[in-house]
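Data block below; observations after.
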Amino acid sequence: MRNLVLATGVALLLAGSTAFAADDRPLPPQNAQKLSAIIAKVEQRDGFRYVKEVDWDKDGYTVTYYTADKAKVEITFDPVTAEPK
């Protein structure tokens, strides 16, 4: 019984480690601004209502948010300067 539990645990560990290795998306640079600072800038924009999604890729942070008049806005921010591209 103990061997079965051990084998199951090892199998789950190995299966989980391949999932981490599969995530090869680029990381933000070390001198990047904090994401919270970028979100704070978005929250100060005219008509801001709520953030729907934040995504990261090699181009920067893409923030999708909605305004008070229900308009959808997507802005990509430079991760180092925290300014819109």
Side-chain angles (χ1 to χ4, degrees):
M1 179 68 173
R2 188 175 123 197
N3 289 340
L4 177 63
V5 171
L6 181 61
T8 303
V10 170
L12 289 173
L13 180 63
L14 292 175
S17 66
T18 58
F20 290 122
D23 189 12
D24 58 351
R25 296 183 343 166
L27 296 174
Q30 287 190 346
N31 60 340
Q33 299 288 321
K34 291 183 178 183
L35 179 57
S36 58
I38 294 172
I39 297 299
K41 283 187 169 196
V42 171
E43 291 173 337
Q44 294 171 2
R45 296 178 69 91
D46 287 338
F48 171 82
R49 178 130 185 219
Y50 67 94
V51 172
K52 176 163 174 52
E53 182 177 15
V54 178
D55 192 28
W56 164 257
D57 65 17
K58 64 181 175 38
D59 295 326
Y61 290 105
T62 301
V63 180
T64 304
Y65 73 94
Y66 283 86
T67 62
D69 61 353
K70 300 180 184 175
K72 179 180 178 180
V73 181
E74 283 188 11
I75 301 176
T76 300
F77 287 88
D78 182 277
V80 176
T81 65
E83 295 297 323
K85 289 187 167 189

query: Got a sec, which residues hit side chain to side chain contact (heavy atoms under 4.5 Å, CB included) with Ala71, two or more places apart in sequence or on another chain?
result: Thr67, Asp69
field: Lys34 NZ: over 12 foreign heavy atoms closer than 6.0 Å
entry: no
query: Ignoring hydrogens and geometry, is there a side-chain-to-backbone donor-acceptor pair from Gln33 to Val80 under 3.5 Å?
result: yes
- prompt: Quick one: hydrophobic cluster around Val63, which other residues, with the 4.5 Å side-chain cut-off, linked directly or via members?
  reply: Leu35, Ile38, Ile39, Val42, Phe48, Val51, Val54, Trp56, Tyr61, Tyr65, Val73, Ile75, Phe77
- request: List for me each residue that meets side-chain hydrogen bond (donor to acceptor under 3.5 Å, both in side chains) alongside Asn31, sequence neighbours excluded, and say none if there are none.
  value: none
field: Shortest non-hydrogen separation from Gly60 to Pro79 and the atoms involved
entry: CA-CD, 3.9 Å
statement: side-chain hydrogen bond (donor to acceptor under 3.5 Å, both in side chains) filter on Glu83, not counting sequence neighbours, yields Lys41
message: Show me the pairs that pass salt bridge (Lys or Arg N to Asp or Glu O under 4.0 Å) and involve residues 45-65, at least two apart or across chains.
response: Arg25-Asp55
For Lys72, all residues meeting side chain to side chain contact (heavy atoms under 4.5 Å, CB included), sequence neighbours excluded: Thr64, Tyr66, Glu74
